[in-house]
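One-based numbering along the sequence shown. Just follow the structure's listing: the first ligand is 1, and inside any ligand the first atom is 1.
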Amino acid sequence: MALWGGRFSTGPNEAVAKLSRSVHFDWRLAPYDVRVNIAHVAGLRRAGVLSEAVAAEITVALKELADEISTGAFSYTEADEDVHSAVERGLVSKLGELGGAFRAGRSRNDLVVTDFKLYLIDHLLEIAHESIELVTTIDEVASKHLDLVAPGFTHLQHAQPILFSHELAKHSHSLLRDVDRMKDWLSRNSISPLGSGALAGSALVPNPEIIAAELAFQGVARNSIDAVSDRDFVAEALFIFAMLGVHLSRIGEEFTIWNTQEFGWVTLNDAFSTGSSIMPQKKNPDIAELARGKSGRLIGNLTSLLVTLKGLPFAYNRDLQEDKEPVFDSVEELLTLLPALRGMIQTASFNGEKIARGVLSGHALATEIADFLVRSGIPFAKAHEISGEAVALAESKGVEVHELIDAEFSAIDPGLTGELRALLSAEAAIDSRISINGTSTKSVTAQLLQLEAKIRGYSSWIASERKRFSGMMGA
Ligand code: ARG
């Protein structure tokens, strides 16, 4: 159904209608569109534009439409241009001419931003929830491996021994930063654009604050021109999704490496791996690879929106219709990926023997030797040099540095006394890293407890925000 036409001598050319049409993707906004319209009708009633009786009739019809949309009994047709025109068609089919009364005092320009914000709030909270589920799983697996030592890598070379729990739990921290960004997004973007009209504000609804509150927004945008052209909230959300995607891609990469025959650190559950069409023996880590691969399109979606916005004139321009598909794509991909990745990690078995196997190789205890000398008063640069000499000797003998005998150590430097020996084990190296962020068992145990507390905090934030918006969600 067309929402315009009075001044036109003909309807749009077929190719134009096809180009212009967005309903096949923006139909996802339908539940939010109805909810916003219900709040708007209440605003028209308060302003005396619609009588009590007419407002009540339209509201009942909109609520019916909401139910029909949720069951699929009402949907868009080939002839609809966008979600807003489809909803109006639904209303007109119920109320006749009265069905067109509800759009007084607002424009699709402020409506579409409001719908889109509500969609994003709803789905951002869902993604936050799925991210927290993933963090919970990672922490559970980390907690189970507190006694497992592993080689820690820099430059993909053995560097220093660490607890495997520490290795796993690092992902929780990056994912929680993503959730924190979502929280921050919501606190900044909980502002309603409704009442901005096409660009100049609304002559018929003078109090958009009440409508905003009914929609659970925390305030109203203060410049109508900015409000209809602002898509910062979309770009910010797409950045958050892209960053989350990058974090998931790094998890994917790690599991892909751990799953190689060379590493053999992890065995993926059959339900969370895939086969090859030609090689019967193959069992591939496709979920981990897709986690890596999806980040490309998530970054692309952010880039696509920023390019659309760059240099765009203010107020509404039709280019802005291009803002939605990147978001729908990022949201839907993440909501598919997050549970799959969580399942993969939850059901994976970790081969402790293989993980611990190389923990001391690559002279991983060389830093312990230098730290030992520093504690006895030798400046670090000198200690570093002495430890380096020990490594060189070990290399020449084809052993690891901790395998040198006491006499060899003391021949390199008299400061390398027999007391050093007690420090030359993975466990001793790990448990000496007692800084608050370190890999000692004590530190990691405390970090995991802290993560649990953070998870509880974010979970209750998600629950309370969902409750706050529940009148609107999916209405
Ligand atoms: N489908 C449009 C969009 O997504 C709705 C707003 C249309 N406004 C207009 N002035 N043509 O942006």
Side-chain angles (χ1 to χ4, degrees), residues 1-8 10-13 15-37 39-40 69 75-91 100 102-123 189 192-205 208 215 221 224-235 237-238 301 304-332:
M1 156 165 182
L3 300 184
W4 42 270
R7 60 107 69 216
F8 288 85
T10 165
N13 165 284
V16 173
K18 192 173 174 202
L19 173 67
S20 183
R21 195 163 179 265
S22 58
V23 70
H24 50 291
F25 57 83
D26 67 18
W27 184 244
R28 291 169 178 81
L29 302 180
Y32 309 100
D33 197 79
V34 172
R35 182 67 190 99
V36 173
N37 277 312
H40 178 69
I69 288 169
S75 190
Y76 63 90
T77 68
E78 273 304 305
D80 292 320
E81 180 186 331
D82 59 16
V83 58
H84 323 291
S85 45
V87 164
E88 184 160 334
R89 176 177 55 77
L91 208 57
F102 75 133
R103 70 167 136 111
R106 64 142 182 80
S107 153
R108 277 185 295 169
N109 298 355
D110 57 350
L111 176 65
V112 73
V113 197
T114 314
D115 292 359
F116 201 22
K117 257 194 185 172
L118 294 181
Y119 167 92
L120 260 171
I121 292 169
D122 197 1
H123 289 83
N189 291 311
S192 171
L194 213 69
S196 299
L199 84 163
S202 176
L204 297 177
V205 185
L215 292 170
S224 55
I225 306 172
D226 172 58
V228 292
S229 52
D230 167 33
R231 295 295 184 279
D232 293 10
F233 71 99
V234 186
L238 285 171
N301 288 338
S304 142
L305 178 82
L306 290 175
V307 176
T308 301
L309 296 181
K310 182 191 169 296
L312 200 67
F314 278 85
Y316 183 83
N317 299 273
R318 196 60 182 276
D319 316 43
L320 289 172
Q321 182 164 291
E322 294 299 312
D323 62 355
K324 285 169 215 66
E325 283 164 293
V327 169
F328 297 148
D329 184 65
S330 290
V331 163
E332 285 160 23

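Between Arg21 and Asp82, none of the side-chain N atoms (NZ, or NE/NH1/NH2) sits under 4.0 Å from a carboxylate O, so this pair counts as no salt bridge.
Remark: ligand 1 and His84 share no N or O pair separated by less than 3.5 Å (distance only, no angle test).
Side chains of Val113 and Asp230 form no contact here, defined as non-hydrogen atoms less than 4.5 Å apart. Taking the side chain as every heavy atom from C-beta outward, Tyr119 and Phe328 approach each other to under 4.5 Å.
Side chain of Arg28 to main chain of Phe25: a donor-acceptor pair is present (N/O by atom type, distance under 3.5 Å, no hydrogens or angles).
Protein heavy atom nearest atom 2 (C) of ligand 1, with residue, atom name and distance: Gln321 OE1, 3.3 Å. The nearest protein atom to atom 8 (N) of ligand 1, hydrogens excluded, is given as Asn109 OD1, 3.0 Å; this is a heavy-atom distance. In this structure, the protein non-hydrogen atom closest to atom 6 (C) of ligand 1 is Tyr316 OH, 3.5 Å. The single protein non-hydrogen atom nearest to atom 5 (C) of ligand 1 is Asp82 OD2, 3.7 Å, given as residue, atom name and distance.
Remark: among candidates Arg108, Glu322, Arg21, the nearest residue to atom 11 (N) of ligand 1 is Arg108, based on non-hydrogen atoms.
Near Ser22, the atoms of ligand 1 lying under 4.0 angstrom from a non-hydrogen atom of the residue are 1 (N).
Sorted by first then second residue, the side-chain hydrogen bond (donor to acceptor under 3.5 Å, both in side chains) pairs that include residues 311-320, not counting sequence neighbours, are Ser20-Arg318, Glu81-Arg318, Arg318-Gln321.
The shortest heavy-atom contact between Ser224 and Leu199 is OG-O, 2.7 Å.
Neither the backbone nor the side chain of Leu111 comes within contact range of ligand 1; no heavy atom lies under 4.0 Å. When non-hydrogen atoms are compared, ligand 1 lies under 4.0 Å from the side chain of Lys324 (C-beta onward) but not from its backbone.
If you check the side chains of Asp80 and Thr77, you find a donor sitting under 3.5 Å from an acceptor.
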